[in-house]
Amino acid sequence: MKKRFVYSVFVLLMLLGLSLSASAQGNSQYPNDNALVGRAIGAFRSQCPQNYTGQISGGVETLGICFVDGFIKRVNLFPVVHCPNSGPCPYLVILLGSVDFDCEGNVIGVNCN
């Protein structure tokens, strides 16, 4: 009888833990990486208008994990290189700037290079 009770409590605790973790993951308001790149390009263009006017791409890196929810992230911005179909295409990595986001996905810093 005691074994059955302990087993039942264990199963209930496992189900409770799984349901809480699933709801915590589903309620995140933090934007995905594609949305962060778009927001970073907008912030970069508004803060650094004289730097670059062509197409920009971005790469997201995680700097830290927040206590309750979300991540501290940085989006590094690079120019999009258009190469002709015939002939060599130089591989250049030029960092235009970076944009930092806080735990809620708000812009906390824009660095212009």
Side-chain angles (χ1 to χ4, degrees):
M1 181 73 172
K2 186 175 180 181
K3 262 186 170 179
R4 185 176 214 132
F5 176 75
V6 170
Y7 179 74
S8 298
V9 169
F10 177 74
V11 169
L12 286 174
L13 288 175
M14 289 294 292
L15 290 174
L16 179 65
L18 289 173
S19 66
L20 288 177
S21 69
S23 68
Q25 290 173 359
N27 290 335
S28 177
Q29 298 298 317
Y30 198 81
N32 66 17
D33 287 353
N34 290 334
L36 282 181
V37 170
R39 293 178 63 198
I41 291 172
F44 177 79
R45 290 202 188 276
S46 68
Q47 297 292 320
C48 313
Q50 72 283 2
N51 279 12
Y52 188 75
T53 57
Q55 277 189 302
I56 298 175
S57 67
V60 179
E61 65 178 309
T62 301
L63 301 178
I65 300 173
C66 299
F67 181 69
V68 176
D69 189 23
F71 301 94
I72 299 172
K73 292 196 174 189
R74 173 175 290 153
V75 178
N76 296 312
L77 300 170
F78 307 98
V80 174
V81 179
H82 296 287
C83 297
N85 290 340
S86 61
C89 185
Y91 182 74
L92 300 173
V93 177
I94 302 169
L95 180 65
L96 297 174
S98 61
V99 180
D100 295 331
F101 292 91
D102 67 3
C103 296
E104 285 82 36
N106 301 314
V107 175
I108 58 173
V110 178
N111 300 313
C112 307
N113 292 343

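Side-chain atoms are counted along with the backbone in the values below, which use heavy atoms only and exclude waters and symmetry mates.
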- Looking only at non-hydrogen atoms, find the nearest pair between Val110 and Ala43 and report the distance.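 Result for this residue pair: CG2-CB, 4.1 Å.
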
Name all residues meeting the side chain to side chain contact (heavy atoms under 4.5 Å, CB included) criterion together with [X]; count only those two or more places apart in sequence or in a different chain, and write none if there are none.
X     : answer
Val80 : Gln55, Ser57, His82
Thr62 : Phe71, Lys73
Val37 : Ile41, Val60, Val75

- Flag yes if more than 12 heavy atoms outside Leu63 fall under 6.0 Å of its CG atom; otherwise flag no.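 Yes - once you tally the heavy atoms of other residues, nucleotides and ligands closer than 6.0 Å, there are more than 12.
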
Heavy atoms, side chains only, cut-off 4.5 Å: are [X] and [Y] in contact?
X      : Y      : value
Cys103 : Val68  : no
Leu96  : Phe44  : yes
Val99  : Val107 : yes

- Check for a donor-acceptor pair, side chain of Arg45 on one end and backbone N or O of Ala40 on the other, with a separation under 3.5 Å.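 Between the backbone of Ala40 and the side chain of Arg45 there is no qualifying donor-acceptor contact (under 3.5 Å).
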
To the nearest 0.5 Å, tell me how far [X] [atom1] sits from [Y] [atom2].
X      : Y      : atom1 : atom2 : answer
Phe101 : Leu36  : CZ    : CG    : 5.0 Å
Cys66  : Asp102 : SG    : CG    : 7.0 Å
Ile94  : Leu77  : CD1   : CG    : 13.5 Å
Ile72  : Glu104 : CD1   : CD    : 9.5 Å

- Item | Any residue meeting side chain to side chain donor-acceptor pair (under 3.5 Å) with Asn113, in chain and number order, not counting sequence neighbours |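 For Asn113, no residue satisfies side chain to side chain donor-acceptor pair (under 3.5 Å) once neighbours in sequence are set aside.
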
- Task: Only counting residues at least two apart or in another chain, list the ones meeting side chain to side chain donor-acceptor pair (under 3.5 Å) with Gln47.
- Result: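 By the side chain to side chain donor-acceptor pair (under 3.5 Å) rule, Gln47 matches no residue at all.
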
- Query: What pairs with Arg74 under salt bridge (charged side-chain N to carboxylate O under 4.0 Å, His left out), at least two apart in sequence or on another chain?
  - Reply: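 In terms of salt bridge (charged side-chain N to carboxylate O under 4.0 Å, His left out), with neighbours along the sequence ignored, Arg74 is linked to Asp100.
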
